[in-house]
Amino acid sequence: MNFDLKKKTRVGESVIQALLFFAGILSVFITLAIVYELGKEALLFFNNPDVTLAKFFGGTIWQPGIGAYGIWALVSATLTTSFIAICISLPLGLAAAVYLSEYASLRARSILKPALEILAGIPTVVYGYFALLFVTPVLQNIFGNENIQVYNMLSAGLVMGIMILPLISSMSEDALSAAPRALREAAYALGATKVETSLQVVLPAALSGIGAALIVGISRAVGETMIVAVASGAGPNFTFNPLQAAETMTGHIARISGGDLSYNSIDYTSLFSIALMLFLVTLALNLISQWVVNRFRERYE
Amino acid sequence: MNQKTDSFPEGSDFYSALKKRYRVASIWQILFLSALFVAMISLTALLYNVMDGAFGYIAYEYKNDPSEFTFTPVNELSKEELLTILQNNLSAGAYKKLDAEQAMPTRSQADLMNLFLERLLQIDTKQTWSMTESILQGNEIRQEAKTNYPEARIEFRSWLTPQFLVSSLSSRAEFAGVRTAVLGSLWLVGIAIAFALPIGTGAAIYLQEYAPKNWFTAIIQTNLNNLAGVPSIVYGMLGLAVFVRLLEPFTSGGIFGLTDANGRTVLSAGLTMGILVLPLIIINAQEAIKAVPDSLRQASFGVGATRWQTVWYHVLPNALPGILTGSILALSRALGETAPLIVVGASTFISVDPDGPFSKFTALPIQIYQWTTRAQSEFHAVAASGIIVLLVLLLTLNASAILLRNRFQRKL
């Protein structure tokens, strides 16, 4: 008897494999498409003789209609709201993570974790409603109506902090639970209390993972749109005062593109330059955080 | 060792130091717990804030007195009475137009009542109050309303009614509903999932079962993780450039013979949303495929199955619940996402239901955004009701995902 042991060529298999391959590399094309489309329109914007890089990165007034292209008018608000958000979400998220990973009983975890997940699953436009119609009135009571504007960066930043809290807490918790048990046992054996173990032994061991959480949190805050579009103000304003109204990069894109926009206007192309900047900043932040996480995995596995 | 003894307390010093350490420990523990407490309070405040807005006193006036039309109290009018009133008092043209939209006798009592209020009595809302105010200061509110608006009637109104669910959008808050927006959202999510689920599953199968372990696969993987972190508004810009503008002949239905539309259709928005959730679906599906035990694959290869036969008959059926769970979660993300829709150009006001992939549309989150940013408080009440509808939809989706997950876990 003769067996032909050579691999048969099966047309069906090859076709399916090719289809799967295309599905697999589609995501690469999406990234390329983002870079190409944003880059193309942004290039049109920068090719405009009126726009110079010095004006773009040096100016503090953003009004493409009258030839003012200072991106700082928008960046200042993005920085302010993101900073407030991180100031809220980092300490709270970290404390929540330490409690969930080091202290909480199984029963407590089974109640607290889903609640945090609900917080993470609420659409951002709902957070916007909350910021404008709950947090802003509360802030107006605290600071007085004349000191704080109806639209202000503080309320947007605070609510954004609450929105990012579950993200930071779940990433930090993963990092904390990945710290080897032996570290904790060694600390207890030396007579350390639970807090001393958590803060002085486990936390430093998980620091890179927490750093990654922080970076992802920043990237989320920078890219967040609806909360700032609703609560932070509708007009570029170069200020770092959180009690004032100012428009972030994302909020500006949302407001301008919401109306009818003609395709070849300077307004249209300028939006793509802002979006390209947003994309590059968040891309860099995400890459850094992945690099940090990978390094940290290598150490313990 | 001995040189250090002065820094290490002994005897009673030791115990006082220990006490101090325990005190510090309990303070820290309280701090940790209070962080979670803050999160819970915020969640409660948010949900309460929404409920608070959706119910409450409302002071309104009728431009025309009800006694001009009928002697029955407005609230007790039957369907037949309403029909006769409308027939007698609306101009013939207006009645014909309404009848053409939907035959008048087939309309519900609530619908006719709304027409009566809107067209004939011409209800005019003067002021609204939140639920808490209404419950705690009911008498003061009634007093205040009487002095400020002597003509006004005041009543406790629930903005979230069955009528709210089935009415189309309206420029008047009192008659606004979410049907158009909910249908738009469903079309949108449907198109997104029809696009992203097959491609996402295929990509996950390729990456887990076929892809060689080399630098190219590593790039795809890194790229996926990055795409999952790209701000949603950037996807909106991509959708605007590619689907709305570049592919306009396709997304507007132009090549299928439709002439009146531009690229700002539910198809463009659905594809944009599909691209947005694609990385999430791929990553979730990869996890589900990873969880299928290797012994299954080896057994299948051992009896001579090809790679695709192994995937199709053994890996996929076992990974399916996980893939579906991930897809439902991606779906709920798409349902709540607002920013890309604004950029891609969901209509802010449209009262016609979407009837195909090439129709103009609006979506629930867009309407919530629109209503929230209006200055009049009655629109905030409508926004709150819209949010409740959205949250209930999301809750249903997530609950079904959890059910699916639990069932899956029990099986393994």
Side-chain angles (χ1 to χ4, degrees), chain A residues 10 13 16-17 19-21 23-28 30-31 33-34 37-38 41 92 95-96 98-99 103 112 115-116 118-119 121-126 128-130 132-134 162 165 193-195 216 219 223 225-226 230 250 253-254 257-258 263 271-272 275 278-279 282-283 286-287 290, chain B residues 21-22 24-25 28-29 31-33 35-36 38-40 42-43 45-46 49 53 199 202-203 205-207 210-211 220 222-227 229-234 237-238 240-242 245 275 278-279 282 306 308 332 336 338-339 342-343 365 368-369 372-373 380 383 387 390 394 398:
Chain A
R10 294 169 195 267
E13 291 266 324
I16 285 169
Q17 188 164 349
L19 285 177
L20 292 176
F21 177 71
I25 60 167
L26 184 72
S27 61
V28 178
I30 292 175
T31 308
I34 291 178
E37 284 296 338
L38 298 189
E41 300 289 343
L92 287 180
V98 171
Y99 189 86
Y103 287 88
L112 294 170
L116 281 181
I118 293 177
L119 212 51
I122 288 176
T124 54
V125 68
V126 179
Y129 175 93
F130 180 61
L132 184 66
L133 298 175
F134 185 87
I162 292 165
L165 192 157
T193 61
K194 204 160 196 174
V195 165
V216 171
S219 133
T225 309
M226 290 324 293
V230 171
T250 50
I253 298 179
S257 65
Y263 288 145
L271 290 187
F272 281 86
L278 262 180
F279 176 71
T282 50
L283 182 74
N286 289 337
L287 281 176
Q290 274 177 53
Chain B
R21 280 169 63 204
Y22 281 144
V24 171
W28 272 106
Q29 188 173 350
L31 282 180
F32 293 148
L33 193 56
L36 281 159
V38 170
M40 297 302 127
S42 312
L43 180 61
L46 190 151
N49 181 225
I199 294 183
I205 293 173
Y206 173 76
L207 288 171
Y210 286 88
I220 297 183
T222 312
N223 178 54
L224 270 180
N225 294 336
N226 276 325
L227 275 183
V230 169
S232 56
I233 195 154
V234 171
M237 297 301 276
L238 178 71
L240 177 63
V242 174
R245 211 182 150 186
I275 284 188
L278 188 63
I282 297 179
T306 64
W308 175 247
S332 65
T338 323
I342 297 180
V343 178
I368 293 171
Y369 170 60
T372 306
T373 46
H380 297 163
I387 289 175
L390 180 64
L394 287 174
N398 284 318

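Just so it is clear, the values below take in all heavy atoms, side chains as well, and ignore hydrogens, waters and symmetry mates. Keep in mind it's a predicted model, so treat the numbers as computed, not measured.
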Can you tell which part of [X] gets under 4.5 Å to a heavy atom of chain B, answering side chain, backbone, both or neither?
X        : result
A:Leu133 : both
A:Leu283 : both
A:Leu165 : side chain
A:Val28  : both
A:Leu287 : both
A:Thr282 : side chain
A:Tyr103 : side chain
A:Ile34  : both

Please check if the side chain of [X] supplies one atom and the backbone of [Y] the other of a donor-acceptor pair under 3.5 Å.
X        : Y        : value
A:Asn286 : A:Ser219 : no
B:Asn49  : B:Ala45  : no
B:Thr222 : B:Ile220 : no

Margin query: Counting neighbours of CH2 on B:Trp308 that are heavy atoms of other residues, nucleotides or ligands and sit closer than 6.0 Å, is the number greater than 12?
Written below: yes

Check: salt bridge (Lys or Arg N to Asp or Glu O under 4.0 Å) with A:Arg10: which residues, sequence neighbours excluded?
Finding: none

Margin query: Tell me which of these, B:Asn398, B:Ile205, B:Thr372, B:Val38, has more heavy-atom pairs under 4.5 Å with chain A than the rest.
Written below: B:Thr372

Item checked: Heavy-atom pairs under 4.5 Å with chain A, option from B:Ala211, B:Pro279, B:Pro231 with the top count -> B:Pro231

Margin query: Could you check whether B:Arg245 pairs with A:Glu37 (Lys NZ or Arg NE/NH1/NH2 to Asp/Glu carboxylate O, under 4.0 Å)?
Written below: no

